[in-house]
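Notes follow once the structure below has been shown.
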Amino acid sequence: MFDALTRQPDDPLLALIGLFQKDERPGKVDLGVGVYRDETGHTPIFRAVKAAEKRLLETQDSKAYVGPEGDLVFLDHLWSLVAGDTVERSHVAGVQTPGGSGALRLAADLIARMGGRGIWLGLPSWPNHAPIFKAAGLNIATYDFFDIPSQSVTFDNVVTALEGAAPGDAVLLHASCHNPTGGVLTEAQWMEIAALAAQRNLLPLVDLAYQGFGRGLDQDVAGLRHLIGIVPEALVAVSCSKSFGLYRERTGAIFALTASASSADTVRSNLAGLARTSYSMPPDHGAAVVRTILADPELRRDWAEELKAMRLRMTGIRHTLAEGLRTRWQSLGAIAGQEGMFSMLPLTEAEVMRLRTEHGIYMPGSGRINIAGLKTAEVANVVPKFTSL
Ligand SMILES: Cc1ncc(COP(=O)(O)O)c(C=O)c1O
């Protein structure tokens, strides 16, 4: 019976990790992987996470089921971190999910259950967005979000897409630290998006996977807060993978902003029902860690400080890299002002391959680079390999 199946292609990013590991050249550089790396090339565990885990080990006295909605205290703290006091809390329904991916999938399942026709997706985007939405049965309408040669957000296209969307359509937005381009929306552009979404009765689905990786914990959600202050209904998918370094613990949440407390209750029951028929309940550990950190002023301060140091490391590399690369591509000076872990270089697939084979510099064929994959001392060596292409 399994013969009815066909072999599925390997995930190109995961395949890249394998190729990198096999490369024995000492100066090889991995700009492909989508995780934060420090100056030693390591993906660290936050000090506050270690401390919270120690506490949990000592105090946790049961492994009984938590329930499909997950840890309610975690949800409350996480929503405060994301949204502050922007909206009436009783109008918000939250459900803990296995990572941001789980949140996006529950959001897509909910949209499908609501009879939603589809979702608008600006390209390029995180490669898993379209497959998740497709798997939930949504129609995907795409538009060009970013122009790689000029390194600029093509905001006119965003406006045209929103103006062309039908009432009730969902619209995927990256809260900040756009993956894969690092492209930034200005405050005025967020205001325009919010006004259009409200006017045209669209449902924003905001993907927040990098809070604290761009300009700061509050700055990275400023656009999102503006949006949810204006639109009556929205979905927010939160990932704790990067901001708390909890990747493998699968920690995240889906929040729905609704028009009333009773609507929030209905949405919550639907999200919980969708979880129940998929994975039943989310894993507990990562959410318990986040809850412990956010509830404790000292752990929270230490976590925010470490996160800030990571952000400043990435910002420093962005500036040095931009200075070097602009000597060959003037537009790449923009990398300095972009946000988060990623930028997208205007390279052909052949150039990406040459960097890999001749210099041991690894990145996907799209030309996306992970800024955090670079060590500060390495940048001066890496830049000439790009500029001499
Ligand atoms: C833009 C974006 N959204 C969502 C996710 C999902 O993250 P998680 O690992 O929490 O599922 C990622 C992960 O890389 C991402 O880059």
Exercise. Any sub-3.5 Å donor-acceptor pair from Arg313's side-chain atoms to Arg37's backbone N or O?
Worked result: yes
For this session: Measure the shortest side-chain to side-chain distance between Lys242 and Tyr36 over non-hydrogen atoms and say whether it is less than 4.5 angstrom.
Result: no
For this session: Determine whether Trp190 and Leu173 make a side-chain contact, defined as any pair of heavy atoms from C-beta on separated by less than 4.5 Å.
Result: yes
Exercise. Does any N or O in the side chain of Thr154 come within less than 3.5 Å of the main-chain N or O of Asp144, such that one atom is a donor and the other an acceptor?
Worked result: yes
Exercise. When rounded to the nearest 0.5 angstrom, what is the spacing between CD in Gln189 and NE2 in His226?
Worked result: 12.5 Å
Exercise. With no hydrogens and no angle check, is any side-chain donor or acceptor of Thr160 less than 3.5 Å from a backbone partner on Asp156?
Worked result: yes
Exercise. Counting N and O atoms only, with roles assigned by atom type, does the side chain of Thr320 sit under 3.5 Å from a partner on the main chain of Gly316, one being a donor and the other an acceptor?
Worked result: yes
Problem set entry | Straight-line distance of Ile111 CD1 to Ile119 CD1, nearest 0.5 Å | 4.5 Å
Problem set entry | Salt bridge present between Glu351 and Arg354 (N-O < 4.0 angstrom) | no
Exercise. Between Glu339 and Arg215, does at least one N-O distance fall below 4.0 Å, as a salt bridge requires?
Worked result: yes
Exercise. Is it true that Glu58 and Lys54 have a side-chain N and a carboxylate O under 4.0 angstrom from each other?
Worked result: no
Problem set entry | Under-4.0 Å salt bridge between Arg89 and Asp76 | yes
Exercise. Yes or no on side chain to side chain donor-acceptor pair (under 3.5 Å) for Thr97 and Arg105, after CA distance, side-chain angles and deciding distance?
Worked result: CA-CA 9 Å; Thr97 56; Arg105 179 58 195 260; over 6 Å; no
Exercise. Glu306 side chain to Ala304 main-chain N or O, any donor-acceptor pair under 3.5 Å?
Worked result: no
Exercise. With a 4.5 Å limit on heavy-atom distance, are the side chains of Ser176 and Gln219 in contact?
Worked result: no
Exercise. Out of curiosity, His319 NE2 to Thr315 OG1, how far, rounded to the nearest 0.5 Å?
Worked result: 7.5 Å
Exercise. If you measure from the Lys or Arg side-chain nitrogens to the Asp or Glu carboxylate oxygens, is any gap between Asp296 and Arg300 under 4.0 Å?
Worked result: no
Exercise. Taking the six-membered ring for Trp, are Phe145 and His178 parallel (under 30°), tilted (30 to 60°) or perpendicular (over 60°)?
Worked result: parallel
Problem set entry | Check: His91 main-chain N/O paired with Thr258 side-chain donor or acceptor under 3.5 Å | yes
Exercise. Backbone N or O of Leu202 within a donor-acceptor pair of the Asp169 side chain at under 3.5 Å?
Worked result: no
For this session: Measure up the Tyr210 and Phe342 rings against each other and bin them: parallel (under 30°), tilted (30 to 60°), perpendicular (over 60°).
Result: perpendicular
For this session: With the side chain counted from C-beta on, respond yes when Ser331 and Arg326 share a heavy-atom pair under 4.5 Å apart, and no when they do not.
Result: no
For this session: Keeping the roles fixed (side chain from Gln96, backbone from Pro283), state whether a donor-acceptor pair exists under 3.5 Å.
Result: yes
Exercise. Distance only, no hydrogens: is a donor on one side chain within 3.5 Å (strictly under) of an acceptor on the other, for Thr376 and Glu39?
Worked result: yes
Problem set entry | CG/Leu123: more than 12 non-hydrogen atoms of other groups inside 6.0 Å | yes
Exercise. Does atom CD of Gln330 have more than 12 heavy-atom neighbours, drawn from other residues, nucleotides or ligands, at distances under 6.0 Å?
Worked result: no
Exercise. Where do Asp109 and Ala136 come nearest, in terms of heavy atoms and distance?
Worked result: OD1-CB, 3.4 Å
Exercise. Would you say the side chain of Asp218 lies within less than 4.5 Å of the side chain of Arg225, judging by non-hydrogen atoms?
Worked result: yes
Problem set entry | Carboxylate-amine/guanidinium contact Lys28 Asp23, below 4.0 Å | no
For this session: State, with a plain yes or no, whether a side-chain heavy atom of Val29 is found less than 4.5 Å away from one of Asn381.
Result: no
Exercise. Donor-acceptor pair, Thr387 side chain versus Arg328 backbone, under 3.5 Å?
Worked result: no
Exercise. Distance from Ile293 atom CD1 to Arg55 atom CZ, nearest 0.5 Å?
Worked result: 9.5 Å
Exercise. Which class fits the ring pair Trp303 and Phe244: parallel under 30°, tilted 30 to 60°, perpendicular over 60°?
Worked result: parallel
Exercise. To the nearest 0.5 Å, how far apart are CG in Leu307 and CD in Glu305?
Worked result: 11.0 Å
Exercise. Between atom CG of Leu75 and atom NE2 of His77, what is the distance when rounded to the nearest 0.5 Å?
Worked result: 10.5 Å
Exercise. Where the side chain of Asn370 meets the backbone of Val33, is there a donor-acceptor pair that is under 3.5 Å apart?
Worked result: yes
Problem set entry | Contact summary for Ile140 and Phe133, nearest pair of heavy atoms | CD1-CB, 3.9 Å
Problem set entry | Arg25, CZ: over 12 other non-hydrogen atoms inside 6.0 angstrom | yes
Problem set entry | Single hit among Leu332, Leu31, Ile148 for side-chain contact (heavy atoms from CB on, under 4.5 Å) with Leu345 | Leu332
Problem set entry | pair Leu224-Val82: side-chain heavy atoms closer than 4.5 Å | yes
Problem set entry | Modelled atom types, side-chain donor and acceptor of Arg368 and Asn179, under 3.5 Å | yes
Exercise. Glu69 versus Val95: any side-chain heavy-atom pair under 4.5 Å?
Worked result: yes
